[in-house]
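Take a look at the structure set out below.
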Number of protein chains: 2
Amino acid sequence: MATMTAAQRREQARTHYDAFLRECPTNQLLGRLSDKWVSLVVAALAPGPLRFSDLSRKLAGVSPKMLTQTLRALERDGILSRTVTPSVPVRVDYALTPLGASLAGLLTAVKDWAETHFDEVRTARERYDADTPA
Amino acid sequence: MATMTAAQRREQARTHYDAFLRECPTNQLLGRLSDKWVSLVVAALAPGPLRFSDLSRKLAGVSPKMLTQTLRALERDGILSRTVTPSVPVRVDYALTPLGASLAGLLTAVKDWAETHFDEVRTARERYDADTPA
DNA sequence: CAGGATCCGTCTTGATACTG
DNA sequence: CAGTATCAAGACGGATCCTG
């Protein structure tokens, strides 16, 4: 049926899609990934699966709503899996899929960059604010 | 004056800052970086400096307002530099700083991921939507 | 425990039009 | 060319209350 291998299709996609173009669906996907909660959830799951309450605790201060919303969107996009264990009380585990794992490194890197270079950013801000009278 | 090397300070920062915590300023910084326009602007400048109009064209469909807003924020954070050449008409060049260059690879990787894995995401979405009656 | 549902302020986004 | 000003629309995020 398929006349191309997955690698070939990926190669074609690479030259076909361009996230710089607004009409391109990858532009929208980039918008999805460019979300603080997405970064944090994916980074939190990188070491291993976690339960809903674990995530709530790890992402200190996230509202249940935002957490659910983010988890649902990521599940839909095939980045993580949701496993319900029908015990009493219910137990729900979230884990990265292989696809999600391939993304986790990238988003974690951005998060780590923020932590590592914050001092430089702060210094830059102070200088900018001092040099900008208005 | 400084009793620590830059590397030592960075190491300390690493253990001190935690973007998972909402009160942590790096959490806010992560929010800044988690922006579609930021990703695109930084990725666009990665190969080399560009003028305002170049960026406008490259980021097809961005409004001048959002572009200016994004550029200003990134300049303030020390990620890019803004150089005005007082000719007629005026010429303004934007270029990544060394700090920005250290970030560019990471954000470009996320953008590339979106382009490369979009097909898998789309497939996952179709499956999810099919399996979710409601 | 793991959410779903609702309401509601506010903040950002995006067109559009204008300027040095 | 490189922005700034203005304004309407809507997405976003959070607080709250409730359920299986």
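Lettering of chains follows the sequences in order, A, B, ..., and the numbering in each one begins at 1. Keep in mind that what you see is a predicted model, and the values were worked out from it rather than measured.
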Original post:
Tell me: CG of A/Leu67 to P of D/dC12, nearest whole Å?
Top reply: 17 Å

Original post:
Whole-Å distance between C/dA2 C1' and A/Leu71 CG?
Top reply: 11 Å

Original post:
Do A/Leu67 and A/Ser56 have side chains that get closer than 4.5 Å, going by heavy atoms?
Top reply: yes

Original post:
Between D/dG14, D/dT4, C/dT13, which nucleotide has the shortest distance from any of its atoms to the side chain of B/Arg72?
Top reply: D/dT4

Subject >> Which residue lies more 5' along DNA chain D, comparing B/Arg57 with B/Thr68 via nearest heavy atoms >> reply: B/Arg57

**OP:** Check whether any side-chain N or O of B/Arg22 sits under 4.0 Å from OP1 or OP2 of D/dG14, and answer yes or no.
**Re:** yes

Subject >> B/Val62 and B/Leu55, any side-chain heavy atoms less than 4.5 Å apart >> reply: no

Subject >> Separation of D/dG13 C1' from B/Gln28 CD (nearest whole Å) >> reply: 15 Å

Subject >> Whole-Å gap separating P (D/dA15) and CE (A/Met66) >> reply: 12 Å

Original post:
In whole angstroms, how far is the P atom of C/dC1 from the CG atom of A/Asp54?
Top reply: 10 Å

Original post:
Within this structure, what is the CZ-to-C1' distance between B/Phe52 and C/dG20, rounded to whole angstrom?
Top reply: 15 Å

Subject >> Criterion side chain to side chain contact (heavy atoms under 4.5 Å, CB included) against B/Val121, the qualifying member of A/Leu33, A/Asp77, A/Thr26 >> reply: A/Asp77

Original post:
Can you find a heavy atom in the side chain of B/Lys111 that is under 4.5 Å from one in the side chain of B/Glu115?
Top reply: yes

**OP:** Give the nucleotide from the list C/dA15, C/dC7, D/dG3 with an atom nearest to the side chain of A/Lys65.
**Re:** C/dC7

Original post:
How many Å lie between OH on B/Tyr94 and C1' on D/dC1, as a whole number?
Top reply: 11 Å

**OP:** Output yes when at least one side-chain N/O atom of B/Arg51 is less than 4.0 Å from OP1 or OP2 of D/dA2, else no.
**Re:** yes

Original post:
Is B/Ser63 near enough to C/dA15 that one of its side-chain N or O atoms lies under 4.0 angstrom from OP1 or OP2?
Top reply: no

Original post:
How are the rings of A/Phe118 and B/Tyr17 set to each other: parallel, tilted or perpendicular (split at 30° and 60°)?
Top reply: perpendicular

Original post:
What's the closest nucleotide to the A/Trp37 side chain, out of D/dG13, C/dG14, C/dC1?
Top reply: D/dG13

Original post:
For A/Gln69 and C/dG3, what is the distance between atoms CD and C1' respectively, to the nearest whole Å?
Top reply: 13 Å

Original post:
If you check the A/Arg82 side chain, which of C/dG3, D/dA2, D/dG14 turns out closest?
Top reply: C/dG3

